[in-house]
Structure formats: structure tokens, C-alpha cells
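Beneath this line is the structure, given in C-alpha cells, with notes to follow.
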Amino acid sequence: MHGSRWWQRGVIYQIYPRSFMDSNGDGIGDLRGIRSRLEYLSWLGVDAIWISPIYPSPMADFGYDVSDYCGIDPRFGALDEFDALVHDAHRMGLRVILDYVPNHTSDRHPWFLESRASREGEKRDWYIWRDPAPGGGPPTNWLSEFGGSAWEWDDATGQYYYHAYLKEQPDLNWRYPAVRDAMHEVLRFWLDRGVDGFRVDTIHHLIKDSELRDNPPNPSYRPGMPPHRQLLRQYTTDRPEVHEAVAGMRRVLDGYDDRVLIGEAYLPFDRLMAYYGQDLSGMHLPFNFHLIGAPWNAPAIAEVVREYEAALPPGAWPNWVLGNHDKPRIMSRVGPAQARVAAMLLLTLRGTPTLYYGDEIGMSDVPIAPEQVQDTFEKNVPGLGVGRDPERTPMQWDGGAGGGFTTGAPWLPLGPDLARTNVEVQRADPGSILSLYRALLALRRAEPALAVGRYAPLAAGPDLLAYVREHGGRRLLVALNLTSRPRRLELPSGILGGRLLLATGLDREGELLGGVVDLRADEGVIAEVAPAQGA
Ligand code: GLC
Ligand code: CA
């Protein structure tokens with residue numbers, strides 16, 4: 001793995017801090033809790049943790065509304081506890097990636113309080129203020145991602161301010177140099193404290209059209225879709241000037257050793273690639289979310305992989321994601337049998353995988369009763385199923401009352417499957433999905449072919465996905481059955497046979513393969529294969 005960087009070889013594990021581990025019984029996860037579970041993460045075999053926002057926040061969007069970029073919310077702990085967490089993580093060989101939320105602050109951030117205090121103030125231009133449209137009303141038709149107009153009227157100063165998300169999340173004006181400088185200082189503050197990188201929130205929103213043109217209607221909008229989808233986000237997202245802002249962040253990171261910049265942008269491949277930047281001077285890893293939306297069948301997934309691999313700029317490093325705190329869990333999307341196949345896919349494709357906490361024990365979306373709803377998105381736009389609480393429920397550590405997560409009342413309910421779906425039970429079960437994740441992570445660590453090797457797809461018919469990963473002459477075959485019926489893969493003439501290293505059922509290790517691989521229903525296997533003589 002000579003020449004590769006830790007964030008290329010490694011596997012990232014996303015922690016939603018409210019829900020990972022509560023150390024003081026208030027029902028909300030915290031930094032001391034995370035620290036107490038580092039041993040688990042190191043046992044599991046991941047390389048880095050990305051922690052969703054832990055900064056002081058009124059929690060209108062659970063931390064994605066930041067009121068102080070250089071502190072820790074008391075609900076999560078304090079700076080010295082953060083330092084201790086980084087120290088322990090590093091000692092155990094785990095890197096720490098923080099969430100960086102540059103697009104907007106909280107409406108309680110001192111910058112915004114000053115900005116809204118008067119039109120003449122020094123910080124007025126730190127946010128996006130505009131007069132009403134000539135006939136009155138909001139300056140443009142722009143819609144908030146979380147429902148309603150993206151413009152909020154401010155009576156005191158007689159102007160509107162722009163918010164891409166909640167009205168409690170006013171957008172910063174990244175065209176204004178002082179904003180960039182201040183936000184670069186924030187990066188340095190955490191880099192100096194030893195963090196290994198950032199996951200940058202909603203990066204494609206950062207710059208809006210300078211002429212404030214109206215967004216066009218979305219021809220594929222249908223009732224039942226979230227209301228903001230009525231318009232295409234042509235003038236509010238993915239503006240050309242955003243890449244300059246990303247490059248500015250990257251220059252800050254490049255002043256330090258070996259840090260990583262990861263960007264969140266839900267975009268089609270052709271747009272996403274630009275976020276690697278001119279000559280790769282942008283994001284190291286613009287998140288690739290396309291497995292989240294893909295229909296779960298072999299041709300669709302093969303096509304996603306083909307398109308992505310083909311679109312990558314030269315030298316750009318790929319990455320893959322199955323879920324996060326904004327999307328339904330993989331278990332609920334594909335069911336328990338295919339969740340194992342999905343795990344094998346995520347951890348064997350070429351590129352850095354990001355795991356979402358709880359997926360490794362097969363947690364499902366937890367049903368949330370109306371009176372339990374916490375997510376403001378759901379409260380603003382009820383009834384469409386947009387709420388994100390189901391995938392944010394507490395990590396299930398054991399089968400006890402608080403699931404080993406809390407001694408108090410958890411902020412969101414634990415899953416009805418707690419008795420089986422928990423770390424304690426699955427750690428003791430050599431056939432569990434947790435054991436599979438751990439075996440996959442161990443194999444990936446042991447096999448450079450999986451971590452950094454070349455990728456070559458094999459023709460495998462409509463029901464199977466198959467590919468070879470190769471590094472330094474060692475070749476590994478991955479064969480995945482996406483159906484619930486047994487299937488046979490005929491190996492191409494270039495491959496003579498091989499030996500099975502890992503199967504999703506954890507029960508075929510060492511089996512020898514001839515010219516075919518027989519896969520049981522919903523089964524995936526990884527095998528070492530030998531090239532045919534002369535091939
Ligand atoms: C990102 C976050 C999401 C948040 C939004 C606004 O999409 O992942 O949780 O609500 O940005 O910050
Ligand atoms: Ca707590």
C-alpha cells in the first residue's frame with residue numbers, strides 16, 4: 001500500500017453524537033460516551049471516526065445550527081474532554097474527523113445577532129440580506145430545503161435574509177472575504193487541536209447566484225415529494241464560484257500534515273466530479289451517495305459503479321456510502337439477507353467506505369410515533385415521510401433497559417429488535433452481521449488488493465455482481481448474489497480457480513473453487529483467484 005494515504009486505505013465510521021453513547025444519564029450521547037466506546041471501534045477495525053456536529057447549538061437542527069464554531073456544546077462535554085477523546089483515539093490508531101458547517105450558522109450565533117442588529121453594522125454583509133421584491137414579498141422564489149420560502153422577513157431592519165434550510169440557519173455570505181477568513185480560522189482552530197480532517201456540510205449550497213435569478217420549475221415534481229422539489233435548484237446550488245471557496249479550504253488543510261477534506265453534495269456524477277477541484281485542488285473525497293438512491297439489483301448497481309469509475313478525474317480517489325443520518329438505513333431498504341451483501345459490496349468496491357453507526361449490527365429505521373418526533377424537517381413538512389429520526393435512534397449496545405446507551409430515558413426510542421440487534425449479543429455470535437463486518441474490515445486491512453487495488457468488473461448476468469480487485473499480482477474475486485435464489489457464476493477463462501476467503505454467511509472459508517462459483521440465495525463471497533497460465 002506504498003504511496004497511499006490513510007484516508008484512501010482506511011474505513012470511516014460516522015458517529016451521530018446524540019445517539020452513540022450517553023455517559024451521564026441525560027438520554028443524550030456525549031463525548032465521554034464516545035471515548036468510552038473507542039475500544040469497540042478499534043476492535044471492530046475501522047480507521048477513522050467522523051463525528052457529526054458537537055459545537056454549541058440551540059439544536060434547531062441538532063447541531064447543524066452552530067452558535068460557536070470553536071467550542072463544545074455542554075450537552076456533549078467540554079474542550080478538555082474533546083482533547084482527551086482525540087488523544088485516546090490517536091493512541092489507538094483512530095483518526096478523528098469533525099463536521100464543518102460553513103454554509104450557515106445558527107440565528108443565535110453572535111455574528112448573526114450583530115448582522116441583524118442594523119443595516120449599517122460591520123457584520124451586515126456576513127449574511128445574505130435583500131430588500132423585498134419590487135411588488136413586495138420575498139426577493140426571489142427560492143425555497144427552503146425544509147419547507148416554505150428560503151427568505152425570512154426581519155421587521156427591525158426591513159429586509160429579508162436567506163436560509164437554505166431552517167430560518168434558524170441563516171446562510172453565510174461566502175462572497176465576502178471576511179467570512180472566508182473567519183471560517184478558515186475555524187479550520188485552523190481544530191487542525192491545531194489535532195483533528196485529522198473535516199466532513200464539510202452541504203458544500204454545493206455555499207454560493208448562490210449573484211444576480212438572484214428565480215429558480216425554474218422542476219418538470220419531474222410530483223405531489224408527495226418534499227415541497228422544495230417544486231423548483232430546480234439551478235441558481236441556489238452548485239454555482240461555478242463554489243470551487244474557488246472549496247480550494248480555499250483545501251489550502252488551509254494543505255498547511256498541515258496528512259489531513260482529509262470530505263464534502264457533502266448530493267449531485268449527479270458529472271457535477272460531483274468538479275468538487276475534486278482543478279488538478280485535484282478541492283475535496284479529497286466528495287461524498288458519493290449514489291448507492292443510497294440506486295434500486296437494489298445487480299444491473300442498476302453495476303451501472304452506478306461503471307458510471308462513477310468512468311467519471312472520476314485522473315488521480316481522483318473514489319468513495320462509497322450506504323447511509324447516513326439523513327437517509328433511511330440500509331437494513332430497512334434492502335432487508336436482513338441483502339444487508340450482508342450490501343456490507344460486502346461497500347467494503348470491497350474500490351474507494352474509501354464510510355459506515356454509518358449501527359449498520360454494523362443491522363439496525364433498522366425505528367418507527368417514531370407522532371408525539372416522539374424530534375426532527376424539525378418532519379415537523380415543518382409532516383406526513384411525507386421526510387423525518388430523519390428513524391435512522392438517528394440510539395446505538396444498541398446491549399439488551400438492557402437503556403440498550404447500554406443510557407441509564408436514563410433515551411432522546412429517541414430504541415428499536416423493537418433490541419434483544420437481538422445489539423453489540424453484546426452479536427459480539428458473542430460468530431455468525432452475526434457484526435462478525436461479518438469485523439471479518440470484512442480485517443480482510444480489507446490484510447489485503448492491499450481490497451484497500452487500494454485495481455478494480456475490474458466481470459460479466460455476471462442480471463442477478464449477480466462480480467469483480468476482481470488486484471494489487472501487486474494478488475487477485476481477489478468478489479461475487480455477490482443480489483437475488484434470493486441460488487445462482488452460479490461461470491468464471492471467465494482468464495481465471496482458473498481459487499480459494500474462498502470469506503462468505504457473507506461466515507461458513508465457507510477455505511472452500512476451493514473450480515471454474516464456477518456457486519452462490520446460495522443472498523450470498524456474497526470473496527475468493528483469492530489465480531490467473532490462468534499465460535493470462
Ligand atoms: C446536511 C446535513 C443535515 C442538515 C443539513 C443542514 O445535509 O447532513 O443533517 O440538516 O445539512 O445543515
Ligand atoms: Ca449525556
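Every heavy atom of this structure was used, including side-chain atoms; hydrogens, water molecules and symmetry mates were not. Ligands are counted one by one from 1 in listed order, and the atoms in each one are counted from 1 as well.
- Atom NE2 of H90 has more than 12 neighbouring heavy atoms from other residues, nucleotides or ligands inside a 6.0 Å radius.
- To the nearest 0.5 angstrom, L94 atom CG is 11.0 Å from E39 atom CD.
- Among N103, D326, D65, the residue whose heavy atom lies closest to atom 3 (C) of ligand 1 is D326.
- The structure places CZ of R239 at 11.5 Å from NZ of K208, a figure rounded to the nearest 0.5 Å.
- Of the listed residues (W153, Y127, Y235, W151), just one forms a ring pair (Phe, Tyr, Trp, His ring centres under 6.0 Å) with Y162, and that residue is W151.
- Atom 1 (C) of ligand 1 has as its closest protein heavy atom D201 OD1, 2.8 Å.
- A salt bridge links R233 and E145; the closest N-O separation between the charged side-chain nitrogens and carboxylate oxygens is under 4.0 Å.
- Relative to the six-membered ring of W397, R37 meets both conditions, a distance below 6.0 Å and an angle of at most 45° to the axis.
- At least one heavy atom of R199 sits closer than 4.0 Å to an atom of ligand 1.
- From Y308, atom OH reaches atom CH2 of W320 across 6.5 Å, with rounding to the nearest 0.5 Å.
- R213 forms no cation-pi arrangement with W142, by the criterion of a distance under 6.0 Å to the ring centre and an angle within 45° of the ring axis.
- For atom 5 (C) of ligand 1, the closest non-hydrogen atom on the protein side is Y165 CE2, 3.8 Å.
- Figure legend: cation-pi geometry between R180 and W174 absent, as NZ or CZ is not positioned both under 6.0 Å from the six-membered ring centre and within 45° of its axis.
- Distances shorter than 4.0 angstrom occur between a heavy atom of H104 and an atom of ligand 1.
- Ligand 1 has no nitrogen or oxygen under 3.5 angstrom from a nitrogen or oxygen of T202.
- With ligand atoms numbered from 1 in the order given, ligand 1 contributes 3 (C), 4 (C), 9 (O), 10 (O) to contacts under 4.0 Å with heavy atoms of R388.
- Note: R116 CZ to D154 CG = 4.5 Å, rounded to the nearest 0.5 Å.
- For K327, the closest heavy-atom approach to ligand 1 does not fall below 4.0 Å.
- For the ring pair (Phe, Tyr, Trp, His ring centres under 6.0 Å) criterion with W50, the lone passing option out of Y356, W7, Y16, F287 is F287.
- Contacts with ligand 1 closer than 4.0 Å are made by side-chain heavy atoms of F146 only, the backbone lying farther away.
- Nearest to atom 7 (O) of ligand 1 among the protein's heavy atoms is E264 OE2, 2.9 Å.
- At a 4.0 Å cut-off, not a single heavy atom of F377 sits close enough to ligand 1 to count as contact.
- Within the protein, the N, O or S atoms sitting under 3.0 Å from the Ca ion (ligand 2) are D22 OD1, N24 OD1, D26 OD1, I28 O, D30 OD2.
- Among all protein heavy atoms, the one lying closest to atom 10 (O) of ligand 1 is D61 OD2, 2.5 Å.
- K167 forms no cation-pi arrangement with Y161, by the criterion of a distance under 6.0 Å to the ring centre and an angle within 45° of the ring axis.
- Contacts between H205 and ligand 1 below 4.0 angstrom, taking non-hydrogen atoms only, are absent altogether.
- The ligand atoms of ligand 1 that sit less than 4.0 angstrom from a heavy atom of R392 are 9 (O).
- The residues E309 and R350 are annotated as salt-bridged, a charged nitrogen and a carboxylate oxygen being separated by less than 4.0 angstrom.
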